[in-house]
Amino acid sequence: MRRGMTRSFGALMLGAALFAAGQAKAQDGGNNQEPAAQADSHAHDHDHDHGQEQAHGHSHGSDAIYKGHFEDSQIEARQLSDWEGDWQSVYPYLQDGSLDEVMVHKAAHGDKTAEEYRAYYDTGYRTDVERITISGDTVTFYENGEPLEGRYASDGYEILTYKAGNRGVRFIFEKTDGDEAAPDFIQFSDHRIAPEKADHYHLYWGDDRAALLEEVTNWPTYYPSSLSAEEIVREMMAH
C-alpha cells in the first residue's frame with residue numbers, strides 16, 4: 001500500500017477554504033447537545049440544489065428533515081452497514097461531460113449559468129478516489145485502481161448548524177485497524193438522520209476529526225457502482 005496517500009487524503013480535505021465559523025459539539029449516539037457550528041448557507045449547495053448539507057431527500061423522511069429542520073430527538077445512531085456496498089465517484093462523469101445535462105437543468109432552475117454550476121461542482125466533487133467498497137467494518141479506498149484499506153468503528157455524530165438556520169448531521173467513524181495510510185476518520189453525509197440504507201453519499205476523510213467538520217466546499221460524492229452515467233443523471237435530475 002502507498003503510505004503517501006495519507007498526505008493526499010489530508011490535503012484534499014484541508015486544502016479547501018474553510019467556511020464554517022465553529023465546530024459542532026459532539027453527538028454520541030442518542031446524547032443530544034446544543035450544536036455550535038455555523039457555515040455559509042450556500043457553501044454546500046451541491047448535488048440536488050442543496051442550500052445546506054441536509055436539505056436533500058429521495059425517501060429521506062419528512063419534508064422538514066429534507067429541508068434540514070429537525071429535532072435532536074429525531075437523530076439516531078447509525079452503523080457502517082447503512083453505507084455497505086460498492087460505490088463509484090461521480091467526479092469522472094463531471095469531467096467527461098456526462099453531467100452536462102444536469103448542469104443545464106440546474107441553470108434553468110437556479111441562480112448560476114451551466115458553466116458556473118460546473119465549476120462549482122468541480123470543486124465539490126473533486127477527488128482522486130474513484131471507488132470505495134464497504135463491507136462489514138472494512139472500508140477500501142481505490143485510487144488509480146490501488147486499494148487502501150481500513151477498519152472503522154462508530155465515533156458518534158456531529159450536528160452542524162448553518163447561518164440560514166437549517167442543520168445537517170455528519171456520521172463519524174474512526175479507524176481501529178488497517179493500512180497506516182488509510183484515513184483516521186471518515187464522515188458520512190447522506191441527508192438522513194437515522195438508520196436507513198444510503199442510495200448515495202458525500203464522504204469526508206482525513207486524520208483531523210475537527211478540521212473535517214469545517215470542510216464544506218469539497219464533498220466527494222458516491223453512487224452505486226452498478227449505475228451507469230445515464231442512470232446517475234436521471235437520479236440527479238429527478239430531485
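Computed from a predicted structure; not experimentally measured.
The two residues Y93 and I232 come nearest to each other via the heavy atoms CE1-CD1, 3.6 Å. Counting all heavy atoms, side chain and backbone alike, E196 lies closest to D82 at N-OD2, 3.0 Å. Nearest heavy-atom pair, V90 versus M236, reported as atom, atom and distance to 0.1 Å: CG1-CE, 4.1 Å. Considering every non-hydrogen atom in both T127 and S89, the closest pair reads CG2-OG, 3.5 Å. Nearest approach of S154 to R78, heavy atoms of both residues: OG-O, 4.3 Å. The nearest pair of heavy atoms linking W87 to D199 is CZ3-O, 3.7 Å.
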### Task
Report the C-alpha distance between R209 and E174 in whole Å, list the side-chain angles of each, state the deciding distance to 0.1 Å, and finish with yes or no for salt bridge (Lys or Arg N to Asp or Glu O under 4.0 Å).
CA-CA 9 Å; R209 188 185 193 277; E174 183 175 8; over 6 Å; no
### Message
Under the criterion side chain to side chain contact (heavy atoms under 4.5 Å, CB included), I'd like the reasoning laid out for E149 against V139: C-alpha separation, chi angles, the key distance, then a yes or no.
### Response
CA-CA 6 Å; E149 184 176 289; V139 179; over 6 Å; no
### Query
Are K112 and M103 close enough, and set up right, to give a side chain to side chain contact (heavy atoms under 4.5 Å, CB included), and what steps lead you there?
CA-CA 9 Å; K112 301 180 182 69; M103 302 302 116; over 6 Å; no
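Separating the CZ atom in R192 from the NZ atom in K197 is a distance of 11.0 Å, to the nearest 0.5 Å. Here the OH-CD distance, from Y157 to E76, works out to 9.0 Å after rounding to the nearest 0.5 Å. Rounding to the nearest 0.5 angstrom, the gap separating the CZ atom in R131 from the CG atom in D86 is 4.0 Å. The structure places CG of L203 at 10.5 Å from CG of D190, a figure rounded to the nearest 0.5 Å. Here CD of E158 is found 13.0 Å from OG of S189. Values are rounded to the nearest 0.5 Å. The CD1 atom of I193 lies 13.0 Å from the NE2 atom of H191; values are rounded to the nearest 0.5 Å.
Distance alone, capped at 3.5 Å, places no donor-acceptor pair between the K106 side chain and the M237 backbone. Side chain of R170 to main chain of Y204: no donor-acceptor pair is present (N/O by atom type, distance under 3.5 Å, no hydrogens or angles). Looking at T221, its side chain never comes within 3.5 Å of a backbone N or O of Y125 through a donor-acceptor pair. In this structure, D179 contributes its side chain and A181 its backbone to no donor-acceptor pair below 3.5 Å. Panel note: side chain E215, backbone T217; a donor-acceptor pair is recorded below 3.5 Å. Distance alone, capped at 3.5 Å, places no donor-acceptor pair between the Q187 side chain and the F171 backbone. At distances below 3.5 Å, not a single donor-acceptor pair connects side-chain atoms of S81 with backbone N or O atoms of E84. Judged by distance alone, with hydrogens and angles left aside, the side-chain atoms of R126 form no donor-acceptor pair with the main-chain N or O of N218 at under 3.5 Å. For K175 (side chain) and D207 (main-chain N/O), no donor-acceptor pair under 3.5 Å exists by modelled atom type. Side-chain atoms of N144 do not come within 3.5 Å of backbone N or O of E146 as any donor-acceptor pair.
A 4.5 Å side-chain heavy-atom check between D137 and Y152 finds every atom pair outside the cut-off. Residues F185 and D155 have side chains in contact (heavy-atom distance under 4.5 Å, counting atoms from C-beta outward). Contact check for R234 versus L227: no side-chain heavy atoms found under the 4.5 Å cut-off. Looking at heavy atoms from C-beta onward, Y201 lies out of side-chain contact with W219 at the 4.5 angstrom threshold.
Residues passing the side-chain contact (heavy atoms from CB on, under 4.5 Å) test with Q95, sequence neighbours excluded: Y91. For the ring-ring contact (aromatic ring centres under 6.0 Å, His included) test, residues two or more places apart in sequence or in another chain that qualify with F173 are W83, F188.
Note: Y222 and W205 have tilted aromatic rings, judged against thresholds of 30 and 60 degrees for the angle between ring planes. Aromatic ring orientation, H105 versus H109: tilted (interplanar angle from 30° to 60°).
Taking a 6.0 Å sphere around CD of E116, one finds it holds more than 12 heavy atoms contributed by other residues, nucleotides or ligands. The environment of E101 atom CD is sparse: at most 12 non-hydrogen atoms of other residues, nucleotides or ligands sit within 6.0 angstrom.
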